[in-house]
Amino acid sequence: MLSGGALSLVNGHADPLIAANQARERDEAIAFLVPGGTPTEVVAADGLTAWEVRDGATSLGWVIQASGIGFQAEIKTMIALDPAREHVHGVMVIADSETPGLGTWIRLSGDQKEALTASETRDLGDEVNIAQNFPLQFFGFGGGQHLSAAGDLKVVKGKRRDQLGPSEVQAITAATISSVAVTDIVNAAVLKLDDLLAGQGGV
């Protein structure tokens, strides 16, 4: 009884702190992925939450929170789309348990985040061709191109980003499973968002 009561007290204290940290992490991710606007939650169903980020009457883009299974365990992501939801404009992995030094290249590093923040176009040029810079291709490549948000992305091994098209994703060398897991999460999330919005009468 004593241990059960103590555990209840600890959980009662910790749960609000965990929730607050998760909310802060979510808000920071949205602000990074689609800066300069105010997010409004539009969809929260079937394990997916999506916000439209607006500046007054102008839509700046969308952010989807979605998860899936990676090589080790669940991968949680935040995915940015353009206002028309035709292209991917960024992906952040906010939680994962992938293999250190390989699968963890699915995450943005601090340096990558700084470089993306400093870039108006968020296209970091030749840096996107380095397989270890896997997340960068989701922000932009090739002088203004973006990956497709039609749910048709496929991971390709052994090729540079500049040899691939908008429906192809460059794999991380020796971490194909992690690369595919992130890509599958993006595909499933954009298709599910479209279905949910269609069920609401379209947005």
Side-chain angles (χ1 to χ4, degrees), residues 26 29-30 32-34 43 46-51 61-82 84-109 112-113 115-116 122-142 144-197:
R26 176 202 66 208
I30 293 172
F32 171 74
L33 288 167
V34 184
V43 171
D46 295 337
L48 178 145
T49 307
W51 299 262
W62 292 75
V63 177
I64 310 171
Q65 187 176 47
S67 61
I69 301 301
F71 180 69
Q72 299 281 0
E74 186 178 48
I75 297 173
K76 297 181 180 179
T77 68
M78 303 286 282
I79 304 158
L81 308 178
D82 70 304
R85 305 195 311 278
E86 295 176 347
H87 303 105
V88 179
H89 277 209
V91 171
M92 282 185 69
V93 172
I94 58 175
D96 73 275
S97 300
E98 299 303 278
T99 306
L102 292 172
T104 49
W105 283 331
I106 62 175
R107 305 177 197 161
L108 283 170
S109 68
Q112 289 171 340
K113 287 183 70 175
L116 288 166
R122 296 201 162 183
D123 180 346
L124 300 186
D126 287 340
E127 291 296 311
V128 78
N129 288 312
I130 301 171
Q132 291 91 326
N133 290 339
F134 174 81
L136 297 184
Q137 64 192 305
F138 291 91
F139 288 84
F141 58 89
Q145 297 182 72
H146 293 278
L147 291 174
S148 166
D152 58 349
L153 297 177
K154 293 178 176 62
V155 173
V156 177
K157 296 187 290 183
K159 288 190 176 182
R160 288 164 48 102
R161 175 67 257 172
D162 57 12
Q163 297 174 313
L164 302 175
S167 63
E168 296 174 311
V169 175
Q170 180 187 27
I172 302 170
T173 305
T176 305
I177 293 174
S178 299
S179 307
V180 170
V182 172
T183 303
D184 285 349
I185 292 169
V186 173
N187 280 336
V190 297
L191 291 174
K192 185 179 287 185
L193 177 60
D194 287 345
D195 286 346
L196 291 169
L197 292 177

Does any non-hydrogen side-chain atom of [Y] lie less than 4.5 Å from one of [X]?
{"X": "Leu116", "Y": "Leu108", "answer": "yes"}
{"X": "Val34", "Y": "His89", "answer": "no"}
{"X": "Leu33", "Y": "Phe139", "answer": "yes"}
{"X": "Trp51", "Y": "Arg26", "answer": "yes"}
{"X": "Phe138", "Y": "Val186", "answer": "yes"}
{"X": "Glu127", "Y": "Gln112", "answer": "no"}
{"X": "Val190", "Y": "Arg85", "answer": "no"}
{"X": "Trp62", "Y": "Leu197", "answer": "yes"}

If you compare all heavy atoms of [X] against all heavy atoms of [Y], which two are closest, and at what distance to 0.1 Å?
{"X": "Gln170", "Y": "Asn129", "result": "NE2-O, 3.0 Å"}
{"X": "Gly140", "Y": "Val128", "result": "O-CG2, 4.1 Å"}
{"X": "Val91", "Y": "Val182", "result": "CG1-CG1, 4.3 Å"}
{"X": "Pro135", "Y": "Arg107", "result": "CG-O, 3.5 Å"}
{"X": "Ala131", "Y": "Ala171", "result": "CB-O, 3.6 Å"}
{"X": "Arg161", "Y": "Val169", "result": "NH1-CA, 3.9 Å"}

Which of parallel (below 30°), tilted (30 to 60°) and perpendicular (above 60°) describes His87 and His146? tilted
Whether over 12 other heavy atoms sit under 6.0 Å from Asp126 CG: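 No - once you tally the heavy atoms of other residues, nucleotides and ligands closer than 6.0 Å, there are 12 at most.
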Taking [Y]'s backbone N and O only, do any of them form a donor-acceptor pair with [X]'s side chain (distance below 3.5 Å, no angle check)?
{"X": "Asp82", "Y": "Ala84", "result": "yes"}
{"X": "Ser179", "Y": "Ile172", "result": "yes"}
{"X": "Thr183", "Y": "Lys154", "result": "no"}

Calculate, to the nearest 0.5 Å, the distance between atoms [atom1] and [atom2] belonging to [X] and [Y] respectively.
{"X": "Ile130", "Y": "Leu136", "atom1": "CD1", "atom2": "CG", "value": "8.5 Å"}
{"X": "Leu81", "Y": "Glu86", "atom1": "CG", "atom2": "CD", "value": "10.5 Å"}
{"X": "Ile185", "Y": "Ile75", "atom1": "CD1", "atom2": "CD1", "value": "5.0 Å"}
{"X": "Gln163", "Y": "Glu168", "atom1": "CD", "atom2": "CD", "value": "10.0 Å"}
{"X": "Ile177", "Y": "Ile69", "atom1": "CD1", "atom2": "CD1", "value": "13.0 Å"}
{"X": "Leu164", "Y": "Leu147", "atom1": "CG", "atom2": "CG", "value": "9.5 Å"}

Can Ile64 and Lys192 be said to form a side chain to side chain contact (heavy atoms under 4.5 Å, CB included), step by step? CA-CA 10 Å; Ile64 310 171; Lys192 185 179 287 185; over 6 Å; no
Let's go through Ile94 and Gln65 carefully: what are the C-alpha distance in whole Å and the side-chain angles of both, what is the deciding distance for side chain to side chain contact (heavy atoms under 4.5 Å, CB included) to 0.1 Å, and is it a yes or a no? CA-CA 10 Å; Ile94 58 175; Gln65 187 176 47; 3.9 Å; yes
